[in-house]
Amino acid sequence: MAKWLVKTEPSECSIDDFAAKSGSSIPWDGVRNYQARNFMTQMAEGDEVFVYHSSCKHIGIAGIVTVTRSAYPDPGQFDPKSPYHDSKSTPEKPRWQAVDMAFERKLPRLIPLDELKSLPGLDNLPLVKKGSRLSVMPVSDEEWQIILKQAG
DNA sequence: GCCAACGTTGGC
DNA sequence: GCCAACGTTGGC
């Protein structure tokens with residue numbers, strides 16, 4: 001089972017929003033970056049995903065969600081009224097994909113970015129690289145264990 | 001709010 | 001295909 005990490009602004013969709021809807025799925029949509037989209041299409045039902053809070057007071061990894069539905073065309077791209085509308089996208093040739101995810105658990109504590117940066121073994125994780133804007137990325141089993149262990 | 005780093009667009 | 005200009009991301 002593959003593992004992943006997604007970035008989100010908690011004001012948009014936080015781990016607590018997932019927790020509040022525990023037992024039901026939330027669409028992960030609005031991704032408009034090709035590399036991130038390509039990773040999303042590789043997600044499978046049951047994959048675990050770290051949720052990272054960005055652009056906020058407490059930046060870091062906050063919890064874990066599970067993929068409940070693999071990639072399907074992101075509806076927003078077809079809707080002219082959607083902020084995620086893409087005029088070059090058609091239902092026959094969709095450009096962007098969404099997945100569904102559901103709450104699994106919060107980490108015992110939030111792991112701040114500076115802590116992630118200082119941990120050995122995470123050097124290859126795009127998240128900790130300066131200037132990286134990739135919002136969906138794979139996490140190796142080794143990286144996953146390092147982060148879980150750090151959470152306590 | 002600032003600004004460096006990045007991805008995308010479009011003229012050539 | 002190059003690359004300057006632009007808009008966005010995201011830590012600080």
Side-chain angles (χ1 to χ4, degrees), chain A residues 2-21 26-43 47-67 70-101 103-140 142-152:
Chain A
K3 294 179 168 58
W4 310 92
L5 182 145
V6 295
K7 290 184 194 173
T8 178
E9 298 187 17
S11 58
E12 296 290 324
C13 181
S14 73
I15 191 69
D16 289 320
D17 293 329
F18 276 101
K21 288 196 169 187
I26 294 179
W28 198 264
D29 56 8
V31 172
R32 294 295 179 265
N33 169 281
Y34 290 104
Q35 200 181 354
R37 178 206 60 185
N38 292 345
F39 285 131
M40 285 173 75
T41 63
Q42 297 172 33
M43 290 180 172
D47 282 0
E48 288 183 303
V49 184
F50 278 137
V51 172
Y52 172 88
H53 288 171
S54 69
S55 299
C56 60
K57 184 102 180 263
H58 301 292
I59 297 167
I61 297 177
I64 299 172
V65 295
T66 312
V67 176
S70 61
Y72 60 94
D74 182 345
Q77 67 192 312
F78 309 126
D79 180 0
K81 292 193 286 293
S82 167
Y84 301 123
H85 177 241
D86 187 336
S87 59
K88 300 200 185 91
S89 215
T90 65
E92 292 74 29
K93 286 193 89 175
R95 183 181 280 196
W96 305 112
Q97 300 286 118
V99 299
D100 288 353
M101 299 183 181
F103 182 70
E104 184 171 310
R105 59 192 165 94
K106 292 178 77 165
L107 293 187
R109 64 186 185 91
L110 180 131
I111 313 298
L113 177 60
D114 56 358
E115 219 170 298
L116 294 166
K117 282 180 174 168
S118 72
L119 277 179
L122 300 183
D123 308 350
N124 289 326
L125 197 62
L127 183 75
V128 304
K129 290 186 178 164
K130 186 185 177 187
S132 173
R133 292 162 53 170
L134 186 61
S135 62
V136 179
M137 67 193 77
V139 177
S140 72
E142 291 76 14
E143 291 162 341
W144 186 272
Q145 288 308 321
I146 289 169
I147 292 164
L148 276 192
K149 190 177 169 197
Q150 186 71 8

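Each chain gets a letter, A, B and so on, in the order its sequence line appears, and its residues count up from 1. Since this is a predicted model, take the numbers as computed values, not measurements.
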Separation of [X] atom [atom1] from [N] atom [atom2], in whole Å?
X: A:N38; N: B:dG7; atom1: CG; atom2: C1'; value: 14 Å
X: A:L134; N: C:dT9; atom1: CG; atom2: C1'; value: 12 Å
X: A:L5; N: C:dG10; atom1: CG; atom2: P; value: 11 Å
X: A:L127; N: C:dG10; atom1: CG; atom2: P; value: 10 Å
X: A:R37; N: B:dG7; atom1: CZ; atom2: P; value: 15 Å
X: A:Q35; N: B:dG7; atom1: CD; atom2: P; value: 7 Å
X: A:N33; N: B:dG7; atom1: CG; atom2: C1'; value: 7 Å
X: A:Y52; N: C:dG10; atom1: OH; atom2: C1'; value: 8 Å

(message) Looking at B:dT9, I'd like to know if its phosphate oxygens (OP1 or OP2) sit under 4.0 Å from a side-chain N or O belonging to A:Y34.
(response) no

(request) Answer yes or no: does a side-chain N or O of A:K57 lie under 4.0 Å from OP1 or OP2 of C:dG10? (result) no

(message) With rounding to the nearest 0.5 angstrom, report the CE to OG1 distance, A:M43 to A:T41.
(response) 9.5 Å

(request) Go through B:dT8, C:dG10, C:dC12 for me and flag the one nearest to the A:K7 side chain. (result) C:dG10

(request) Measure from the side-chain heavy atoms of A:K130 and tell me the nearest of C:dG11, B:dA4, B:dT8. (result) B:dA4

(message) Categorize A:K129 for me: base, sugar-phosphate, or nothing, with a 4.0 angstrom heavy-atom threshold over every strand shown.
(response) nothing

(message) Using the rule given for side-chain hydrogen bond (donor to acceptor under 3.5 Å, both in side chains), can you reason through A:E143 versus A:S140, listing the C-alpha separation, both sets of side-chain angles and the distance that settles it, and then say yes or no?
(response) CA-CA 5 Å; A:E143 291 162 341; A:S140 72; 3.3 Å; yes

(message) Could you go through A:D47 and A:W4, starting from their C-alpha distance and side-chain angles, then the distance that decides it, and tell me whether this counts as side-chain hydrogen bond (donor to acceptor under 3.5 Å, both in side chains)?
(response) CA-CA 8 Å; A:D47 282 0; A:W4 310 92; 2.9 Å; yes

(request) Report yes if the distance between the aromatic ring centroids of A:F78 and A:W96 is under 6.0 Å, otherwise no. (result) no

